[in-house]
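Take a look at the structure below.
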Amino acid sequence: MRNQTIVKELILVGLSEVPSLQLPLFLFFLLIYLLTLIWNLLIIVLIVTDSHLHVPMYFFLGNLAGLDLCSSSVTVPRMLFDLHTQTRQITITDCLTQVFFFMFCATSEVSLLAVMSYDRYAAICQPLHYIQTMSWKVCVQLVSIVWCLSLIHSSIEVCYTFQLNLCKSDIIESFFCDLPQLFQISCSDIFINILLVFIFVIFLGVGSLIPTFLSYVYIFNTVLKIKVKGSRSKVFSTCTPHLTVVFIFYGSVFF
């Protein structure tokens, strides 16, 4: 058997190794990151301070804004640091910590989008029972379930990844740590890890996409039955923000 050197530290390749592009990329992504922070913080502050927005739809939207803020903060600051200092080394512990929070935020967003679609379904298709169906207690319970499922998912994935021996290379072909890149440089058997990825993708990914799709099938069906055109557009406009986020999120994922 040939000797294998276990990797203790990784190198993130980043977006580009061309020296002349480092500063433009740094400024560009710094601007986007700051705009993302300001936009999401404004949404959260507005929802908290305006009593008219203390309804389930905006409660979920505030949680989604918080998750978007967190998911951006998991990857972008590290990328900006690497672009500015040219220090691309990252320890295994820091790398897995980044994987944990990245997966936690991604899973939470997928699950929360499904919960938000159910909220719109209850508001439009069952308006008479909406107050009982989506009470504050139910809303808090749904968000708590989303956070718990995401915590369990990311914990299991990271625990199994932590057991891998990384020895094929110390180079990560990305600007942040993710499971596929770690699997590529592993010299351990990754069958269980890949199996877990597929199981969670089916259970959480597809399991969240189907309720979202079915909710909007019922919503469209209900809206089309409304004979007054003005009322139809008014009802559908309440779904526009959520539907836009769904298309952006799943469009990016599928791309």
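Keep in mind the model is a prediction, meaning the values are calculated, not measured.
- Remark: Ser72 OG to Met79 CE distance equals 10.0 Å, nearest 0.5 Å.
- One N or O on the side chain of Ser188 and one on the backbone of Asn165 form a donor-acceptor pair closer than 3.5 Å.
- Separation of atoms CG (Asn63) and CE (Met116) is listed at 9.0 Å; rounding is to 0.5 Å.
- For the ring pair (Phe, Tyr, Trp, His ring centres under 6.0 Å) with His242, the lone residue among Tyr216, Phe249, Phe60 that qualifies is Tyr216.
- Taken from CG in Leu30 to CG in Leu27, the straight-line distance is 7.0 Å, to the nearest 0.5 Å.
- Between the Gln98 side chain and the Cys177 main chain, a donor and an acceptor come within less than 3.5 Å of each other.
- Within 6.0 Å of the CD1 atom in Ile32, the count of heavy atoms belonging to other residues, nucleotides or ligands exceeds 12.
- Between the side chain of Asp68 and the backbone N or O of Leu64 there is no donor-acceptor pair closer than 3.5 Å.
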Report task. Starting from the C-alpha separation in whole Å, work towards a yes-or-no answer on side-chain hydrogen bond (donor to acceptor under 3.5 Å, both in side chains) for Thr97 and Asp94. Result -> CA-CA 5 Å; Thr97 302; Asp94 291 343; 5.0 Å; no
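- Remark: side-chain polar atoms of Gln126 are not paired, donor with acceptor, to backbone N or O of Ala123 under 3.5 angstrom.
- Within the 3.5 Å criterion, the main-chain N or O of Leu182 finds no donor-acceptor partner in the side chain of Ser186.
- Side-chain atoms of Arg120 do not come within 3.5 Å of backbone N or O of Cys239 as any donor-acceptor pair.
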Query - side-chain contact (heavy atoms from CB on, under 4.5 Å) evaluation trace for Phe59 with Val143 - result: CA-CA 10 Å; Phe59 172 71; Val143 171; 3.5 Å; yes
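- Of the N and O atoms on the side chains of Tyr250 and Thr212, not one donor lies less than 3.5 Å from an acceptor on the other residue.
- Here the side chain of Asp178 pairs no donor or acceptor atom with the backbone of Pro180 at under 3.5 angstrom.
- For the atom pair OH (Tyr33) and OG1 (Thr75), the distance works out to 8.5 Å, reported to the nearest 0.5 Å.
- The backbone N or O of Ile47 sits less than 3.5 Å from a side-chain atom of His54, completing a donor-acceptor pair.
- Phe100 and Phe104 have parallel rings, their planes meeting at less than 30° on a 0 to 90° scale where 60° marks the start of perpendicular.
- Shown here is Trp39, whose CH2 atom has no more than 12 heavy atoms of other residues, nucleotides or ligands within 6.0 Å.
- Side-chain atoms of Ser150 come within 3.5 Å of backbone N or O of Ser108 as a donor-acceptor pair.
- Annotation: side chain of Tyr130 is in contact with side chain of Asp119 (closest heavy-atom distance under 4.5 Å).
- Taking the six-membered ring for Trp and thresholds of 30 and 60 degrees, Phe102 and Phe176 have ring planes inclined between 30 and 60 degrees apart.
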